A.B. asks: 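Below is one structure. I have some questions about it.
Letters A, B, ... mirror the listed sequences (proteins, then strands); counts begin at 1. On a predicted model such as this, the values are computed, not experimentally measured, just so you know.
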Amino acid sequence: MSHTPFILAAYLISAVVLFWAAIAPVLNKRSLLRQLKNRQAQMDKTQ
Amino acid sequence: MNPIFLFFHKTGSPPWFYKYSGKLIPWLWAVFLALTVYGLYLGLVVAPADYQQGESVRIMYLHVPSAWMSMMIYGLMAIMGFIALVWRIRIMEVLVISSAPVGAAFTAIALITGSLWGRPTWGTYWVWDARLTSELVLLFLYFGVIALYNSFDEPRKAARAASLMSIVGAINLPIIYFSVEWWNTLHQGSSMGSDGPGIHPSMLLPLLLMATATKFFYGANLLSRARLTLLKQDHRKRWVQDLLSKESH
Amino acid sequence: MDLPNNSHMLAVTGLSFERYFERVFEPVSFELDAGSLLLITGSNGCGKTTLLRLLAGLLDPSEGKIQKEEQPLYAGHFPAIKDDLSVEENIRFWMKFMGTRKSDQMDGLCEQVIEEIGLTPVAQQEGRTLSAGQRKRCSLARLLFCDESLWLLDEPYSNLDPQGIAMLDSILKTHLTSGGACIMTTHGSLRPEGFDLQECHMISGRERYAGEAA
Amino acid sequence: MSKQATGTAFVALLRRDFLLAYRRRAELLQPLVFLLVVVTLFPLGVGPSPTLLANIAPGVIWIAALLATVLSLDSLFRSDFEDGTLEQMVLSGQSLALIALARTVAHWLVAGLPIVLLSPLLAMWMNLPDEGLLILIESLAIGTPVLSLIGAIGGALTVSLKRGGQLLSLLVFPLYVPLLILATSAVSSAVVDLPYTGQLGLMVSGLIASLTLAPFATAAALKLSLS
């Protein structure tokens, strides 16, 4: 039985998990900043 | 005030932490990438296949560093949690709860890669091998901390509860580890490739490189998670408002 | 004890507490001497209970300092009465657990306390059968057998009938004239009558924020 | 202020707990009935083969004991938390760790000890060989206090949450792993005439360690839950 598919799968899944772990805070931060800026813009408008 | 407390007090101030961690993160990522590329080159291309396990031993360069990280991060959470509880330092609370998802991710990787390593070695995906079993228990410990944190409404109370739980878990962790190890030998279970000192140097170097790289991954990921949490929690505070207006102009 | 800033029974400076990263109330400062009664007023949700819990030591302050000579007695919203125990068993347990002024005569003291709070007719009834007012009286029993000199009473008049209010007022008067002090909260409708009192009005963190924005 | 003597307060609390348990004795039976039901399910699930049952007996009985203990842990501090008793106890000046210990001792006596006493019946049902019976009882006698002590930490951490029960089991089950391994292996070893004193010795040291450490963690968790 060839071992290659298992090695590939292991590296692929690890890469996906690590990439997702790394990118999640970046995406969350971006949406949070957008949200906060919108709120600030709204407050500026009402004043 | 004693100097250690003063140091924590200063680095514990959210704007200070936010500013300098932002500068540090790119460097951490750069080191992580360099080490990973070199480590994987040595591990996948240069190093030979194991004479017993064949090519599948190359999974070790993922499995073993992840397993190490999963234990180390839990230990660090307990240490930071202790500091957070005793000196009530907010940044430590944030670091504890930001560590948990990273640690859980490494634990999951250790489990998945271990299981993928097990298939060619044992002919089955899951065997109650000592390391896999203790990783599984550790994953439950991580889930416990994360679930506990999410159950509380007040973030600081939640973080303190999670800190306490990680201390309790970390005291138990070595006991769990050794009891599972012992249980495994008792039942004559199979064990995966050794990672002891007997390992060939051509395999040891990439293993150590990957182990170091994962620490930089943890550092960078931890800091960016902590920054996000601080931003979320302090969004009404002056320093975040200043930050926003600085960025928009 | 000779230092002037140490002579107060309780001194609070710039005390505040944060929840959800916002101040629950704006910082308060006050001092309390023996024999005085401090009334804490403010609308619902302005942090009166939080302040008392801080003073009692259940919460740790986010800002400011509390200097107290000794552990105060705290009577909060929860009566600390077990439903499955009778009034007498409840009071007797707390006497045993907390200690009493005259521990040698516990039996007599327990009966005396139950009589003073007007619960003799229901002394053998289980806690679950008590009305809200009776529960309040039962929880105030501690004032009669503990010997703390500083009392923290959270809405002590709520649920009490006029006789109950008069009872509490007389207990309080005795306490104050014998060198004790008391801090109590009220949301306004019921106030202690005939006392020489200080007043502290609290402003919630949110109100302050809204005021600045307007 | 004259604080009450620690011993007197400890005894007063224990007496109150027994009185409360006695008044609510019907509720105490629930975990025990649960224990019996769980053990009954195993022969029904895996078949009544005496050798199979004898093989899995130590594990089944211990897991059932674990589940029954966790079931009773959620109420360990809940009523005292909800009616304000706990905050008065915290403020009484007594050591909170000692209060936690008193509650745990009471919990073991009304929830853990009955499991030990029921274990011969369970052993008979599961066809456990006679050589293992004494060790099963011993292991439960040493182990159930540890279950109560460690479980109390989880109970204290989740007491302020509306639905703490499920979270509580997630928190404490991983912590019970070493105990389960040691206890079941002691019983299994005794059955096949292997030495088991090592396992029991480790369990005793675990009992001592949790007796000295767990009350402090419980106390910290209680203080946190009240804030």
A.B. asks: Of all the residues in residues 67-87 of chain D, which have a heavy atom that comes within less than 4.5 Å of a heavy atom in chain C?
C.D. replies: D/S79, D/D80, D/E82, D/D83, D/G84, D/T85, D/E87
A.B. asks: Pick one of side chain, backbone, both or neither for D/L222, based on which atoms fall under 4.5 Å of a heavy atom in chain C.
C.D. replies: neither
A.B. asks: Counting heavy-atom pairs under 4.5 Å to chain D, which of C/K82, C/E126, C/K96, C/E89 comes out on top?
C.D. replies: C/K82
A.B. asks: Which atoms of C/L58 are under 4.5 Å from chain D, going by heavy atoms: the side chain, the backbone, both sets, or neither?
C.D. replies: both
A.B. asks: Side-chain contact, heavy-atom cut-off 4.5 Å: C/F97 with D/Q94?
C.D. replies: yes
A.B. asks: Mind checking what makes side-chain hydrogen bond (donor to acceptor under 3.5 Å, both in side chains) contact with C/E88, not counting sequence neighbours?
C.D. replies: C/R92, C/Q124
A.B. asks: Hey, could you give me each pair passing salt bridge (charged side-chain N to carboxylate O under 4.0 Å, His left out) that has a residue in residues 216-227 of chain D? Not counting sequence neighbours.
C.D. replies: none
A.B. asks: Applying a heavy-atom distance below 4.5 Å, give me the residues of residues 8-31 of chain D that approach chain C, sorted by number.
C.D. replies: D/T8, D/A9, D/A12, D/L13, D/R16, D/L19, D/L20, D/R23, D/R24
A.B. asks: Identify the heavy atoms of C/A75 and D/Q88 that sit nearest to each other, and give their distance.
C.D. replies: CA-NE2, 4.3 Å
A.B. asks: Counting only heavy atoms closer than 4.5 Å, note whether C/R19 contacts chain D via side chain, backbone, both or neither.
C.D. replies: neither
A.B. asks: Check the surroundings of atom CZ in C/F78: do more than 12 heavy atoms from other residues, nucleotides or ligands lie under 6.0 Å from it?
C.D. replies: no
A.B. asks: Please classify the contact of C/D83 with chain D as side chain, backbone, both or neither, using a heavy-atom distance under 4.5 Å.
C.D. replies: neither
